[in-house]
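For reference, the structure discussed in these notes is given below.
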Amino acid sequence: MSIISSPLPDAERAVTGTALQGTLVDLLDLSLVAKQAHWNLYGPRFRTIHQQLDEVVTTARDYADQVAERAAALGISPDGRAVTVAADSGLPGFQQGWITDDDAVEALVRSFAVLIDRLRARIEATAAADPVSQDLLIGLTAEIEKQSWMFQAENRG
């Protein structure tokens, strides 16, 4: 039962809720992965990548909030608990301990690639169900694709 009424019919709300919840979990995981890399980074490009990782964290957290609030506006209770993120994230795992700047960049590029694929599937799924949520996902995807390009340029020049 939802205490917030939704402008969407039940079927569209279910599709949109699944897309938004999956996105929320993936974004929260991305913010944690980027912080883990940020704290354990070393190498000749430490400072620039360290700062770039903070940009990823900020982007992920800002969009996670927008996604969660969109879900709530539709009467869908967002779930960002650690146990939910650990169980449901589709992003690749991230190593424990110190990580070279090159390895951190490649790990983020892999995470971005998975996230972009997942976001594009959610964009398609929400096209008919909720164009407003789809628009949010499109903007997020553009930002993640930009971050992916920037990280790829770090190691593949």
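In what follows, every heavy atom counts, from backbone to side chain, and hydrogens, waters and symmetry copies are set aside.
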Roughly how far apart are Ile116 CD1 and Gln147 CD, rounded to 0.5 Å?
10.0 Å
Angle between ring planes, Trp98 versus Tyr42, binned at 30° and 60°: parallel, tilted or perpendicular?
perpendicular
Sequence-distant partners of Thr141, side-chain contact (heavy atoms from CB on, under 4.5 Å), two or more places apart
Leu119, Arg120, Ile123, Glu145
Salt bridge (Lys or Arg N to Asp or Glu O under 4.0 Å) between Asp130 and Arg13: does it pass, once the steps are laid out?
CA-CA 8 Å; Asp130 183 23; Arg13 186 173 150 216; over 6 Å; no
Could you see if Val15 belongs to whatever hydrophobic cluster contains Val25? Use Ile, Leu, Val, Met, Phe, Trp, Tyr and a side-chain cutoff under 4.5 Å.
no
Spacing of Phe94 atom CZ and Lys35 atom NZ [to the nearest 0.5 Å]:
12.5 Å
Drop me the distance from Leu137's CG to Arg118's CZ, to the nearest 0.5 angstrom.
12.5 Å
Only one of Thr16, Thr23, Thr18, Asp117 passes side chain to side chain donor-acceptor pair (under 3.5 Å) with Arg122, and that residue is Thr23
Hydrophobic cluster membership, Phe46 vs Leu108, 4.5 Å side-chain cutoff:
yes
To the nearest 0.5 Å, how far apart are CD1 in Ile4 and CG in Leu74?
10.5 Å
Closest heavy-atom pair and its distance - Ser111, Leu91:
O-CD2, 3.8 Å
Quick check: is Ile99 connected to Leu32 through a chain of hydrophobic side chains (ILVMFWY, heavy atoms under 4.5 Å apart)?
no
For the residue pair Val85 and Arg81, establish whether any side-chain heavy-atom pair is separated by less than 4.5 Å.
no
When you check the gap from the basic side-chain N to the acidic O, do Asp102 and Arg45 get nearer than 4.0 Å?
yes
Pro78 and Leu24: which non-hydrogen atoms are nearest, and at how many Å?
CB-CD2, 3.8 Å
Between Val57 and Leu30, is there shared hydrophobic-cluster membership here, with clusters defined by ILVMFWY side-chain heavy atoms closer than 4.5 Å?
no
Look at the side chain of His38 and the backbone N and O of Leu53, then say whether any donor-acceptor pair between them is shorter than 3.5 Å.
no
Between Ala129 and Ala125, the two heavy atoms sitting closest are CB-O, 4.0 Å
side-chain contact (heavy atoms from CB on, under 4.5 Å) between Glu124 and Gln134, intermediate numbers included:
CA-CA 8 Å; Glu124 188 174 322; Gln134 183 194 43; over 6 Å; no
Looking at every non-hydrogen atom in both residues, tell me the closest pair between Ile49 and Val105 and how far apart they are.
CD1-CG2, 3.5 Å
Short side-chain to backbone donor-acceptor contact, Gln21 and Asp79, under 3.5 Å
yes
Counting heavy atoms not belonging to Gln95, are there more than 12 under 6.0 Å from its CD?
yes
Looking at OH of Tyr63 and OG1 of Thr59, how far apart are the two atoms once the value is rounded to the nearest 0.5 Å?
8.0 Å
Would you say Leu41 and Met150 are hydrophobically clustered, going by side-chain heavy atoms of ILVMFWY under 4.5 Å?
no
Ignoring hydrogens, what is the shortest heavy-atom contact between Ala19 and Thr126? Give both atom names and the distance.
CB-CG2, 3.6 Å
Gln96 atom CD, over 12 foreign heavy atoms within 6.0 Å:
no
Search all heavy atoms of Asn40 against all heavy atoms of Gly97 and return the closest pair with its distance.
CB-O, 3.1 Å
Check: Gly80 main-chain N/O paired with Thr84 side-chain donor or acceptor under 3.5 Å:
no
